[in-house]
Amino acid sequence: MSHPHLRRPVRTRCAVVALSIAALVTAACGSPMADPAGGAAADPCAGSAALNLVERTANMPVAERQSLLEGEAVAAAGGSIDLYTELNDPQPIVDAFQKKYPDLTVNVYRAGSEQIRQRVLEESAANFSGADVVEMDSLEMAILDENKLLAPASSPMIGEVSEAARFPRYTGDRLSYIVPLWNTNLLAPGDVPKSLEDLADPRFKGKLALESSDVFWFAGLVKYMEREQGKTKDEAVDVFRKIAANASITSGHTTTTELVVAGQYAIASNNFIH
């Protein structure tokens with residue numbers, strides 16, 4: 001994916017990691033460097049300023065740690081922080097952050113998770129770092145983690161979040177509720193689905209949109225049907241095959257919502273609750 005972002009040389013500005021409580025968050029270390037002997041790529045965080053700062057602040061009292069990190073962030077690039085996020089409206093978070101830390105300025109790049117992941121990977125391949133903080137879904141964060149592009153997630157507040165949201169190099173900051181939605185001008189009350197399986201009914205052929213990126217939604221519902229409904233895995237997956245046969249595949253939850261509102265589709269099977 002090409003983009004107009006002004007690329008700049010890699011520099012580690014990871015002080016913002018601990019300042020920003022909103023998570024699936026961490027800073028990029030840089031691009032993985034190949035072993036000259038032809039071995040596996042080296043961990044770009046090893047020996048980096050990011051890792052050094054995490055180690056320096058590991059056992060500091062909270063107030064002292066916060067003061068040090070704020071100073072480091074202000075010193076880096078004049079206190080400018082680049083946030084990549086998939087949130088539809090990150091401004092309230094940015095405003096609250098800048099109110100608490102008036103010497104810091106947050107620059108926001110807003111896009112879908114797949115686009116953010118691709119952008120970070122492309123910047124890394126070019127040995128440039130555009131993001132200080134990344135906020136997107138955990139599937140895409142895991143890909144960045146596998147590519148060794150994330151500094152360790154470190155904060156005295158991590159213990160206050162759900163254990164399920166704690167990962168070595170990123171921390172969950174929100175839950176996404178995925179629900180069906182429909183256009184009430186196009187779908188009569190009697191045609192509204194009562195269950196997921198209803199979406200496999202031929203009456204939805206050509207009327208249904210299926211957003212393509214919700215891997216966890218698919219996997220979670222397959223497990224639910226196995227555990228709670230007594231279906232085999234093949235039977236559960238077959239439900240989705242039949243639903244997909246009725247559906248047009250769309251990309252992006254906001255786009256999918258707009259298409260349903262506009263009347264291009266009567267119903268979408270999976271969208272965010274907001």
* **Inter-residue atom distance Leu69.CG - Glu64.CD, 0.5 Å rounding** => 10.5 Å
* Structure fact -> Minimal heavy-atom distance between Leu187 and Pro193, with the atoms involved, is CD2-CD, 4.2 Å
* Asked: Do Ser113 and Glu140 have side-chain atoms, one donor and one acceptor, less than 3.5 Å apart?
  -> no
* Asn52 side, atom CG; Thr57 side, atom OG1 - distance, nearest 0.5 Å -> 9.5 Å
* Asked: Tell me, do Asp132 and Tyr84 make a side-chain contact under 4.5 Å, heavy atoms counted?
  -> no
* Within one Ile-Leu-Val-Met-Phe-Trp-Tyr cluster: Ile243 and Val260, side-chain cutoff 4.5 Å -> no
* Asked: Which residues satisfy the side-chain hydrogen bond (donor to acceptor under 3.5 Å, both in side chains) test with Asp95, sequence neighbours excluded?
  -> Gln91
* Close side-chain approach of Leu144 to Leu121, heavy-atom, < 4.5 Å -> yes
* **Phe240: partners by ring pair (Phe, Tyr, Trp, His ring centres under 6.0 Å), with sequence neighbours left out** => Trp217, Phe218
* Check: Gln118/Glu114 side-chain N/O donor and acceptor closer than 3.5 Å -> no
* If we ignore angles and hydrogens, is there a donor and acceptor under 3.5 Å between the side chains of Asn107 and Ser80? -> yes
* side-chain hydrogen bond (donor to acceptor under 3.5 Å, both in side chains) assessment of Tyr170 paired with Glu135 -> CA-CA 9 Å; Tyr170 53 97; Glu135 200 277 358; over 6 Å; no
* **Chi angles and distances behind the side-chain hydrogen bond (donor to acceptor under 3.5 Å, both in side chains) call for Asn88, Arg110** => CA-CA 8 Å; Asn88 278 345; Arg110 194 271 161 195; 2.7 Å; yes
* **Hphob cluster co-occupancy, Phe97 + Val161, side-chain heavy atoms under 4.5 angstrom** => no
* Would Thr171 and Met157 count as a side-chain contact (heavy atoms from CB on, under 4.5 Å) if you check the C-alpha gap in whole Å, the side-chain angles of each, and the deciding distance to 0.1 Å? -> CA-CA 10 Å; Thr171 305; Met157 301 162 200; over 6 Å; no
* Asked: Ser176 versus Arg174: any side-chain heavy-atom pair under 4.5 Å?
  -> yes
* For Arg56, enumerate each residue passing the side-chain hydrogen bond (donor to acceptor under 3.5 Å, both in side chains) test, keeping only those at least two apart in sequence or located in another chain. => none
* Structure fact -> Between Asp145 and Arg169 the two heavy atoms that sit nearest each other are OD1-CD, 3.0 Å
* Could you give the distance from OG (Ser154) to CG (Leu53), rounded to the nearest 0.5 Å? -> 8.5 Å
* Is the backbone N or O of Glu235 less than 3.5 Å from a side-chain atom of Thr232, with the two atoms forming a donor-acceptor pair by type? -> yes
* To do: With side-chain contact (heavy atoms from CB on, under 4.5 Å) as the test, would you mind laying out the steps for Gln229 and Glu197 before giving the verdict?
  => CA-CA 12 Å; Gln229 298 180 349; Glu197 288 86 345; 3.0 Å; yes
* Verify, without hydrogens or angle tests, whether Ser212 (side chain) and Thr250 (backbone) share a donor-acceptor contact under 3.5 angstrom. => yes
* Find the distance between CD (Gln264) and OG1 (Thr255) and round it off to the nearest 0.5 Å. => 11.0 Å
* Structure fact -> On a heavy-atom basis, the closest approach of Ala209 and Thr256 is CB-CG2, 4.0 Å
* Asked: Between Ala111 and Ile116, which heavy-atom pair has the shortest distance, and what is it?
  -> O-CD1, 3.5 Å
* How would you list all residue pairs meeting salt bridge (charged side-chain N to carboxylate O under 4.0 Å, His left out) that involve residues 205-220, not counting sequence neighbours? -> none
* Asked: Can you find a heavy atom in the side chain of Ser248 that is under 4.5 Å from one in the side chain of Leu210?
  -> no
* Asked: Are Asn147 and Ser124 side-chain neighbours, meaning at least one heavy-atom pair lies under 4.5 Å?
  -> no
* **Carboxylate-amine/guanidinium proximity below 4.0 Å for Glu70 and Arg65** => no
* To do: Indicate if Ile178 and Leu199 have the same hydrophobic cluster label, given that clusters are the connected sets of ILVMFWY residues with side-chain heavy-atom separations under 4.5 angstrom.
  => yes
* Asked: Asp191: what forms a side-chain hydrogen bond (donor to acceptor under 3.5 Å, both in side chains) with it, not counting sequence neighbours?
  -> none
* Asked: Would you call Glu86 and His253 a side-chain contact if the rule is heavy atoms closer than 4.5 Å?
  -> no
* Asked: Are Asn271 and Thr257 linked by a side-chain donor-acceptor pair shorter than 3.5 Å?
  -> yes
* What pairs meet the salt bridge (charged side-chain N to carboxylate O under 4.0 Å, His left out) rule with one or both residues in residues 241-253, with sequence neighbours excluded? -> Asp238-Lys242
* Can you find a pair of side-chain heavy atoms, one from Thr105 and one from Gln98, that are under 4.5 Å apart? -> yes
* Approximate separation, where rounding is to 0.5 Å, of Ser213 OG and Leu139 CG -> 9.0 Å
* To do: Could you tell me whether the side chain of Tyr109 reaches within less than 4.5 Å of the side chain of Arg119, counting heavy atoms only?
  => yes
* Asked: Does the side-chain contact (heavy atoms from CB on, under 4.5 Å) test come out yes or no for Tyr265 and Leu208, once each step is laid out?
  -> CA-CA 6 Å; Tyr265 301 104; Leu208 177 65; over 6 Å; no
* Asked: Is it true that Arg117 and Glu123 make a salt bridge, defined as a side-chain N closer than 4.0 Å to a carboxylate O?
  -> no
* **Polar side-chain atom of Asn246 near backbone of Ala200 as donor-acceptor pair, under 3.5 Å** => yes
* State yes or no: do Leu175 and Tyr224 share one hydrophobic cluster built from I, L, V, M, F, W and Y residues joined by side-chain heavy-atom distances below 4.5 Å, directly or via other members? => no
* **Qualifying residue for side-chain contact (heavy atoms from CB on, under 4.5 Å) with Val106, from Ile93, Leu83, Thr85, Val133** => Leu83
* To do: Please report the closest heavy-atom contact between Arg166 and Ile158, naming both atoms and the distance.
  => NE-O, 3.5 Å
* Is it true that Val179 and Met225 fall in one hydrophobic cluster, defined by side-chain heavy atoms closer than 4.5 Å? -> no
